[in-house]
Amino acid sequence: MATELAINTDRTQKFIDDLEAQRSILSSCTQLFTTLTTNFTSLQNSLSQKSQSLDSKFQSLESKSQQTLQSLSQRLTSIPERESAAAAKVEEQKGNALAEFEKPKRFDKLSDWLKSISRKMDSSGLLKFVISKRKESVSLRAEISSAIMEAVDPARLILDAVDEFVSNKIEKVGVTDKRWACGMLVQALFPEGSYFGGKQKGPEFARTVVERAGRILEIWKEEQVDEKEGGGSGGRGVAGPAEAVMFLQMMLGFGLKSRFDEEFLRKLVMENAARRDMAKLAVAIGFGEKMEEMIDELVKNGKEMEAVYFASESGLTERFPPVSLLKSHIKNSKKNTSNILKNGNFSAAATEESNSVELNSIRAVIKCVEDHKLESDFPLDNLRKRASRLEKTKAERKKSSATAVAKSQNKRGHGGSGGPSGRGNRPPAFRPSKAAKFSNAYSPFGRRNPAPPPQHSPAARYSGPYDYPSQGVYESHSAAPYAATYGASHSQSPAAIPQQHYSLPVDNAGGAAFRASGSYGGQANYGAYDYGTGTPPTYQPSSYTQ
């Protein structure tokens, strides 16, 4: 009877299990529904935003299209007027050029000479004249940009000059002075803002002119250069920092970047990074993300000063803090001067060399800090005091050396005037004093044909006629050909110009449009890079244009 009263719970348990399963399924369905609803809502919002963005872009595109069509319509209607104005300008320039040929004039101003030669489209004469006035480079920079615009075709005039320079490189004749002169002409043709991201629009050129510029650059790049001639170069024919800057300026100015491999351009920039304007050129080329790698490479190679300028121009100062780089540069400079002293056994010559290296390094740091306005983070008082002490020591050393030389000359001049000398009482044999080895004011024939004293009158400086047919004003005393004359070394080149009796100085930065500039170190006046040497001087900058 007890067994019959036992309750059977299996069916009840099964019913409860079914309810649990259904509840789980219902919960999963609810969660899935919530997820789907959220996703659909998000997708709807995203589509709505994209739709609004597209509508806005369509409106902007329509507005720009209307503006463009209106601009094209205005340009179309202005074509006859512009054509007539251009034709009138060409006729005016043509008349001026013919007048220059028919009636050669005498000019008192440098600008008048430059304009006269430019009107004649005489690229060779322009090169010779610029070279002959190298001492007046500051005035040249101020006048040359406006002067070449007097030419009927300024671009062709400059391309003719560069083509002559490249041809001379192939023949290995007359390269040094023409390199400097061509660099000046190329800088004058292209306004800095036209390819440095500025607002100023660059000049426009005909397709034939651009094609010719491309051919010249290709020949220049591929030309084989003797190892003794070429400094560091990304291409075999682009030798040294001065040519690298000129090459890149022409490439950017004529819009020829697509013709050259990016690795070639990168190598050209990195091997000549000491040129101050190279940082701006690198940004104009547009290396993008590779710029960080390039700056990192400069830092690893101990070129912290270059890295500061590259980082500043490319906006990567957070990644490469200038103050840290400058401190690292000073630390490495101290190690360098210490090694110079140790290797030279602390001799007078080693001391002088180490002081010069330290002074140049300090000047470079001061200039860099001033350029980037970092004095609040990097005080310069101690560096300026140290530079003053080194300059004073250098001046005293020069003064004592000059005194010693004067005493030596006096002894040589009066030592044998009387008394026993072992050779009888013959009169002493006086020798003419040797010319200073650094003077290049006179030609090798100066002793036989002494040069007349320099003209000091400003009016008389350009009073001589510019003999266009024969170019006699630029010939040497021996009537040597131009190519042979300028094929000599830089120190002898002024001898070929009898009207200009002065030494060729290091080109000072200043004046117009785009400035030539040197390496990141410096002398007291921060003179510009000497294009004539073909290699960058150690620590010798010009002003770094911001």
Side-chain angles (χ1 to χ4, degrees), residues 134-135 137 330 333-367 382-417 421 428-447 450-451 453-454 488-495 501-508 518-530 532-542:
R134 183 166 184 168
K135 187 176 181 181
S137 59
I330 292 176
S333 177
K334 289 180 179 179
K335 290 181 180 179
N336 189 21
T337 55
S338 178
N339 290 334
I340 292 173
L341 287 172
K342 290 178 181 178
N343 294 336
N345 294 324
F346 298 91
S347 63
T351 302
E352 183 175 357
E353 182 182 355
S354 66
N355 287 346
S356 296
V357 170
E358 182 182 1
L359 179 58
N360 290 334
S361 177
I362 290 174
R363 286 170 173 168
V365 172
I366 292 174
K367 186 71 174 84
N382 293 334
L383 286 178
R384 288 192 175 110
K385 290 177 182 178
R386 177 60 179 165
S388 298
R389 287 196 294 269
L390 291 172
E391 289 171 352
K392 184 178 180 181
T393 302
K394 185 176 180 180
E396 291 175 352
R397 188 182 300 112
K398 284 185 177 180
K399 185 177 180 180
S400 61
S401 298
T403 303
V405 170
K407 290 181 179 179
S408 175
Q409 289 178 347
N410 289 336
K411 289 181 180 179
R412 187 166 61 243
H414 301 287
S417 58
S421 62
F430 291 100
R431 299 180 185 178
S433 59
K434 295 181 180 180
K437 64 182 180 180
F438 51 81
S439 174
N440 58 0
Y442 301 97
S443 70
F445 309 100
R447 294 179 182 174
S489 64
H490 175 62
S491 62
Q492 296 174 347
S493 59
H501 299 288
Y502 45 69
S503 303
L504 296 184
V506 174
D507 178 24
N508 292 327
S519 59
Y520 290 100
Q523 301 300 329
N525 60 350
Y526 302 105
Y529 168 79
D530 187 354
T533 62
T535 56
T538 305
Y539 301 116
Q540 190 175 1
S542 70

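Just so it is clear, the model here is predicted, and its values are computed rather than measured. Throughout, residue positions are numbered sequentially from 1 according to the sequence presented.
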Colleague: Which distance, rounded to the nearest 0.5 Å, do you find between the CD of E396 and the OG of S401?
Modeller: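 Taking CD in E396 and OG in S401, the distance rounds to 11.5 Å.
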Colleague: Check A387 against I362 and note the closest heavy-atom contact, atom names and distance.
Modeller: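 Heavy-atom minimum between the residues: CB-CG2, 3.9 Å.
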Colleague: Of T337, N339, N343, which meets side-chain contact (heavy atoms from CB on, under 4.5 Å) against S354?
Modeller: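 Of T337, N339, N343, side-chain contact (heavy atoms from CB on, under 4.5 Å) with S354 is met by T337 alone.
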Colleague: Using a strict threshold of under 4.0 Å (side-chain N to carboxylate O), is an ion pair present between E358 and R389?
Modeller: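 So R389 does not pair with E358 through a salt bridge.
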Colleague: Do the side chain of S338 and the main chain of K334 share a donor and acceptor less than 3.5 angstrom apart?
Modeller: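 Answer holds: no.
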Colleague: To the closest 0.5 Å, what do you measure between CZ (R384) and OG (S388)?
Modeller: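 So the CZ of R384 and the OG of S388 are separated by 9.5 Å.
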Colleague: Given K367 and R363, is the side chain to side chain contact (heavy atoms under 4.5 Å, CB included) satisfied, shown in steps?
Modeller: CA-CA 6 Å; K367 186 71 174 84; R363 286 170 173 168; over 6 Å; no
Colleague: Minimum heavy-atom separation for I330 to V365, with atom names?
Modeller: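 Heavy atoms only, the tightest pair is CG1-CG2, 4.1 Å.
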Colleague: Might you work through the side chain to side chain contact (heavy atoms under 4.5 Å, CB included) test for R397 and N355, ending with a clear yes or no?
Modeller: CA-CA 12 Å; R397 188 182 300 112; N355 287 346; 3.5 Å; yes
Colleague: For V357, does its backbone N or O pair with a side-chain atom of S361 as donor and acceptor, under 3.5 Å?
Modeller: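 No, because the side chain of S361 does not come within donor-acceptor range (under 3.5 Å) of the backbone of V357.
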